[in-house]
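Scroll down for the structure; my scribbles are underneath it.
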Protein chains: 2
Amino acid sequence: MTDKHGHEAPRMSTRARLRAAGLRPTRQRMALADLLFANGDRHISAEILHNEAVSASVPVSLATVYNTLHQFTRAGLLREVALDGTKTYFDTNTTNHHHFFLEDDNLMFDVPEDALRLDRLPEPPEGMEISRVDVVIRLRRVRS
Amino acid sequence: MTDKHGHEAPRMSTRARLRAAGLRPTRQRMALADLLFANGDRHISAEILHNEAVSASVPVSLATVYNTLHQFTRAGLLREVALDGTKTYFDTNTTNHHHFFLEDDNLMFDVPEDALRLDRLPEPPEGMEISRVDVVIRLRRVRS
DNA sequence: ATTTGTGCAAATCGTTTGCATCTGA
DNA sequence: TCAGATGCAAACGATTTGCACAAAT
């Protein structure tokens with residue numbers, strides 16, 4: 001029921017959620033939203049989501065998936081994740097949190113809230129303000 | 001004169017520095033290394049470096065710039081910087097440090113050492129170890 | 001009826017690669 | 001000499017865009 005950052009809608013229908021975001025609840029957007037938000041926090045690329053949609057017998061074009069992901073992001077339903085890789089990932093968790101990144105598998109997952117604390121954030125330069133702080137903890141397999 | 005991480009060579013000639021890295025001091029590599037390391041810490045993309053080289057009357061192909069940047073990175077002279085943008089940036093400061101990122105201008109610069117402290121780093125999952133922690137502080141202009 | 005969304009294919013952009021040619025040791 | 005570098009152009013992979021068609025209000 002929390003209305004804190006992100007995760008705004010408590011248990012709203014997908015349709016209502018889209019409406020609330022000012023987006024027409026079209027077939028494709030409904031389907032993509034369901035895929036995205038049904039199973040908790042996800043970190044997903046356009047390609048993966050497209051595959052899932054097609055597998056779920058929801059024919060959508062890759063272009064539309066891209067469009068939709070960006071619209072959702074603009075609407076605050078998703079957050080774009082910073083990674084050096086060539087691909088862009090979208091995070092269904094829009095609250096402030098950080099990430100582990102498993103270099104070997106190009107896999108990313110959340111750092112448990114409050115498992116990490118930032119101390120002494122630096123003063124931003126004159127005329128600037130901090131818009132966000134992203135922390136990525138890169139992991140590698142322990143070599144035997 | 002410090003020999004701490006990165007910035008290994010105190011006042012070594014470019015030639016010697018390349019040799020030490022196991023790279024043949026070719027015309028192009030010498031020129032690129034000079035551009036990169038002459039003026040302190042830089043955050044540079046392949047395209048920018050290529051432009052600079054050409055401007056400096058050092059004809060190099062963009063492909064060679066890419067190759068060289070990666071070789072330098074492998075040799076520990078550079079560090080690849082994680083950003084969500086489409087472009088890859090290379091940092092001439094290979095020590096552990098973090099970055100400000102000015103979203104409006106796609107510009108990045110270092111956070112003064114120790115201006116930021118990470119407290120309570122989370123335990124990495126079983127069988128994994130932390131290879132690196134990247135912090136990016138996103139800045140935006142203060143709107144009047 | 002109008003507005004907005006969608007699909008397709010072509011276009012873009014950063015980056016990489018194949019290969020013939022040069023260069024430094 | 002000859003392994004290693006370089007340049008060029010073509011190849012690539014992710015993302016975007018233009019435009020005709022379809023769907024939502």
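In this text the structure is predicted, and so the values were computed from the model without any measurement. Just so it is clear: chains get the letters A, B, ... in the order the sequence lines come, proteins before strands, and each one is counted from 1.
With C:dG14, D:dA3, D:dT17 as the candidates, the nucleotide lying closest to the side chain of B:R24 is D:dA3. When the nucleotides C:dG24, C:dA9, D:dG7 are ranked by their closest atom to the side chain of B:R27, C:dG24 comes out on top. Across C:dG7, D:dA14, D:dA24, the shortest atom-to-atom separation from the side chain of A:Q28 is found for C:dG7. Side-chain atoms of B:T86 lie closest to C:dG14 of the nucleotides C:dT4, C:dG14, D:dA3. The nucleotide whose nearest atom lies closest to any side-chain atom of B:H70 is, among C:dT16, D:dG7, D:dT25, C:dT16. Set against D:dT6, D:dT25, C:dG14, the side chain of B:R29 has D:dT6 as its closest nucleotide. Distances were taken from every side-chain heavy atom of B:A63 (C-beta onward) to each of D:dT25, D:dC8, C:dG14; the shortest belongs to D:dC8.
Pairing each heavy atom of B:D114 with each of A:R120, the nearest pair is O-NH1, 3.2 Å.
Place B:A46 and B:T26 on DNA chain C by their nearest nucleotides, and B:A46 ends up nearer the 5' end.
For the pair A:N67 CG and C:dC8 P, the interatomic distance rounds to 13 Å; values are reported in whole Å. Between the CG atom of A:L62 and the P atom of C:dA9 there is a distance of 13 Å, rounded to whole Å. Counting to the nearest Å, the C1' atom of C:dG5 and the CZ atom of A:F72 are 12 Å from each other. Rounded to an integer number of Å, the gap from CG of B:L18 to C1' of D:dT6 is 16 Å. In this structure, B:I48 atom CD1 and C:dG14 atom C1' are separated by 13 Å, rounded to whole Å. For the pair B:L69 CG and C:dG14 P, the interatomic distance rounds to 15 Å; values are reported in whole Å. Here D:dG4 presents its C1' atom at 17 Å from CE of B:M30, a figure rounded to the nearest Å. Atom pair B:H50:NE2 and C:dC13:C1' shows a separation of 16 Å (rounding to whole Å applied).
For B:Y66, no side-chain nitrogen or oxygen approaches OP1 or OP2 of C:dT16 to under 4.0 Å. Considering only side-chain N and O atoms, B:T88 lies under 4.0 angstrom from the phosphate OP1 or OP2 of C:dT15. Between A:S61 and the phosphate of C:dT6, there is no side-chain N or O to OP1/OP2 separation shorter than 4.0 Å.
Ring centers of A:H70 and A:F90: under 6.0 Å apart, within the cut-off.
Partner A:N93 forms a side-chain hydrogen bond (donor to acceptor under 3.5 Å, both in side chains) with one of A:D91, A:N96, A:T95 and no other, that one being A:T95.
Environment of CD in A:E129: crowded, with over 12 heavy atoms of neighbouring residues, nucleotides or ligands closer than 6.0 Å.
Among the heavy atoms of the strands, none lies under 4.0 Å from B:R15. Residue contacts shown for B:S45 are absent, as no nucleic acid heavy atom lies under 4.0 Å away.
A:E103 and B:S131 are linked by a side-chain donor-acceptor pair at a separation below 3.5 angstrom, with hydrogens and angles left out of the test.
Remark: B:R138 fails to qualify as a cation-pi partner of B:F100 under the 6.0 Å distance and 45° angle criteria applied to the six-membered ring.
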